[in-house]
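These notes are about the structure you will find just below.
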Amino acid sequence: MKKFPVYKILQCAITIPFCVVFALSVHTSTFSIPIPVLFLFWAWMIGAACFLLCDAFTLGRLLSSLSEAEHCAGLDRLTNLPDPSSLQDRLSTYSGTVLKDDISCITISFENIHTLNHTYGRHVGDILFREFADILSDAAPDGCFLARKSGRKFLAVIDGNSYERSVALLQNLEKEVSIHNGTAGFLPIQYRTGAAYNAECRFVSIYDLVKASGIRG
């Protein structure tokens, strides 16, 4: 447990005695408030205002830290994309009703990441994996939910105008990876994709559509 901030102890040490002395002085004053009492009153007011500013600043920092923690909680540390838990939360939003036709799922697998890890080390592999995630993020159309599925795989869920936007994602991905591989030398990216369009599959469950987009072999 973190120690209680020193300034909070100081705040209590100053505020409480001032309140007690001021109350006793006012109680013993019959007709008018003496100047020393007024001095104590204004000193207390100024001190209280300073401590309130400190409290407001501390509260602002705590709220900012909480917001950042909530943001990071559902993200994969390596790729900064939604993690598998966030992906399951998103998929569960489709499980309450019959799945509509205009939705598609695309699974993307970074095929040679294990070879890169073995050949050049995990550090280099992590750099390439993060770069591939950035390429995927750039290739994904607006409104596409892209997440790390597990291990070397990612999943894109495209809801609305799904076929055209899925094709756009695959074309953009192919273009961006080609650019990377043209300048990467001995560190090329090799990937595979699998796509499932519910306009063709007519699944009732989103999980069946995800399974249909899976890459086998």
Side-chain angles (χ1 to χ4, degrees), residues 63-117 125-126 128-181 189-217:
L63 291 176
S64 177
S65 298
L66 179 61
S67 177
E68 183 178 354
E70 289 177 345
H71 173 70
C72 294
L75 296 181
D76 177 66
R77 289 186 177 183
L78 180 59
T79 64
N80 205 36
L81 292 174
D83 60 16
S85 177
S86 296
L87 174 60
Q88 290 303 316
D89 290 342
R90 181 58 177 261
L91 295 178
S92 68
T93 63
Y94 295 100
S95 62
T97 58
V98 175
L99 194 64
K100 62 183 181 181
D101 290 343
D102 193 12
I103 189 170
S104 60
C105 291
I106 301 176
T107 298
I108 308 101
S109 175
F110 192 158
E111 287 294 286
N112 64 325
I113 185 60
H114 296 315
T115 301
L116 293 170
N117 284 336
D126 286 349
L128 265 294
F129 199 83
R130 191 178 302 112
E131 185 168 347
F132 184 58
D134 291 340
I135 290 173
L136 278 172
S137 296
D138 292 338
D142 292 339
C144 167
F145 183 80
L146 177 66
R148 188 173 183 182
K149 184 180 180 183
S150 63
R152 63 185 178 182
K153 294 182 179 180
F154 302 83
L155 181 71
V157 180
I158 302 176
D159 187 351
N161 198 19
S162 59
Y163 181 80
E164 292 78 5
R165 295 167 70 205
S166 297
V167 171
L169 185 156
L170 295 172
Q171 290 176 341
N172 292 339
L173 179 59
E174 182 180 8
K175 177 182 176 181
E176 294 296 328
V177 171
S178 296
I179 293 173
H180 166 85
N181 289 345
I189 290 174
Q190 299 172 7
Y191 71 95
R192 286 198 300 160
T193 61
Y197 310 100
N198 208 43
E200 300 173 357
C201 299
R202 302 296 175 87
F203 288 124
V204 175
S205 170
I206 184 67
Y207 301 104
D208 290 332
L209 191 66
V210 172
K211 184 177 179 180
S213 73
I215 299 168
R216 298 171 178 82

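Small disclaimer: the values here were computed from a predicted structure and weren't measured.
Shown here are the side-chain contact (heavy atoms from CB on, under 4.5 Å) partners of T93, two or more places apart in sequence or in another chain: R90. Partners of F132 according to the ring-ring contact (aromatic ring centres under 6.0 Å, His included) rule, which considers only residues two or more places apart in sequence or in another chain, are F110, F154.
The line from CD of E200 to CG of D101 is 10.5 Å long, rounded to the nearest 0.5 Å. To the nearest 0.5 Å, atoms CG (N172) and CD1 (I135) are separated by 12.0 Å. Between R192 atom CZ and E111 atom CD the span is 4.5 Å, to the nearest 0.5 Å. To the nearest 0.5 angstrom, L99 atom CG is 9.5 Å from F203 atom CZ. How far CG of L75 is from CZ of R77: 11.0 Å, rounded to the nearest 0.5 Å.
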Please set out all donor-acceptor pairs under 3.5 angstrom arising from side-chain atoms of residues 158-167, sequence neighbours excluded.
residue: D159; atom: OD1; partner: K100; partner atom: NZ; Å: 2.6
residue: D159; atom: OD2; partner: Y94; partner atom: OH; Å: 3.2
residue: S162; atom: OG; partner: D102; partner atom: OD1; Å: 2.9
residue: S162; atom: OG; partner: I103; partner atom: N; Å: 3.3
residue: R165; atom: NH1; partner: D159; partner atom: O; Å: 3.1
residue: R165; atom: NH1; partner: G160; partner atom: O; Å: 2.7
residue: R165; atom: NH2; partner: D142; partner atom: O; Å: 2.2
residue: S166; atom: OG; partner: S104; partner atom: OG; Å: 2.6
residue: S166; atom: OG; partner: S162; partner atom: O; Å: 2.6

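In terms of modelled atom types and a separation under 3.5 Å, the side chain of R130 and the main chain of L78 share a donor-acceptor contact.
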With side-chain hydrogen bond (donor to acceptor under 3.5 Å, both in side chains) as the criterion, how do S92 and D89 come out once you've worked through the C-alpha distance, each side chain's angles and the decisive distance to 0.1 Å? CA-CA 5 Å; S92 68; D89 290 342; 5.0 Å; no

Checking R202 against Y197 for the side-chain contact (heavy atoms from CB on, under 4.5 Å) test, could you report, in this order, the C-alpha distance in whole Å, the side-chain angles of both residues, the deciding distance, and whether it holds? CA-CA 8 Å; R202 302 296 175 87; Y197 310 100; over 6 Å; no

Would you please test L155 and C105 for side-chain contact (heavy atoms from CB on, under 4.5 Å) and show each step? CA-CA 7 Å; L155 181 71; C105 291; 4.2 Å; yes

Decide side-chain contact (heavy atoms from CB on, under 4.5 Å) for I215 and S109; before the verdict, give the C-alpha distance in whole Å, the side-chain angles of both, and the deciding distance to 0.1 Å. CA-CA 8 Å; I215 299 168; S109 175; 3.6 Å; yes

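Smallest separation of non-hydrogen atoms from H180 and E131: ND1-OE2, 2.8 Å. Minimum heavy-atom separation, A196 to C201: CB-SG, 4.3 Å. Summarising the geometry of Q88 relative to Y207, their closest heavy-atom pair is OE1-CE2, 3.9 Å, with the distance given to 0.1 Å. Here the closest non-hydrogen pair linking G125 and N117 is CA-OD1, 3.0 Å. Between L169 and A140, the shortest heavy-atom contact is CD1-CA, 3.9 Å. For the residue pair F145 and S86, the shortest heavy atom distance occurs at CZ-O, 4.1 Å.
Counting heavy atoms from C-beta on, the side chains of K149 and L87 come closer than 4.5 Å. Within the 4.5 Å cutoff, the side chain of L173 has heavy atoms near those of the L136 side chain. Side-chain contact between L146 and S137: present, with at least one pair of heavy atoms (C-beta onward) separated by less than 4.5 Å. The shortest side-chain heavy-atom distance between I106 and S213 does not fall under the 4.5 Å cut-off. Residues T193 and T107 have side chains not in contact (no heavy-atom distance under 4.5 Å, counting atoms from C-beta outward). Within the 4.5 Å cutoff, no side-chain heavy atoms of R148 are placed close to those of D83. Using a 4.5 Å heavy-atom threshold, the side chains of I206 and L91 count as touching.
A donor-acceptor contact under 3.5 angstrom links the side chains of T79 and D76, judged on distance only.
Heavy-atom neighbours of E174 CD from other residues, nucleotides or ligands within 6.0 Å: at or below the threshold of 12.
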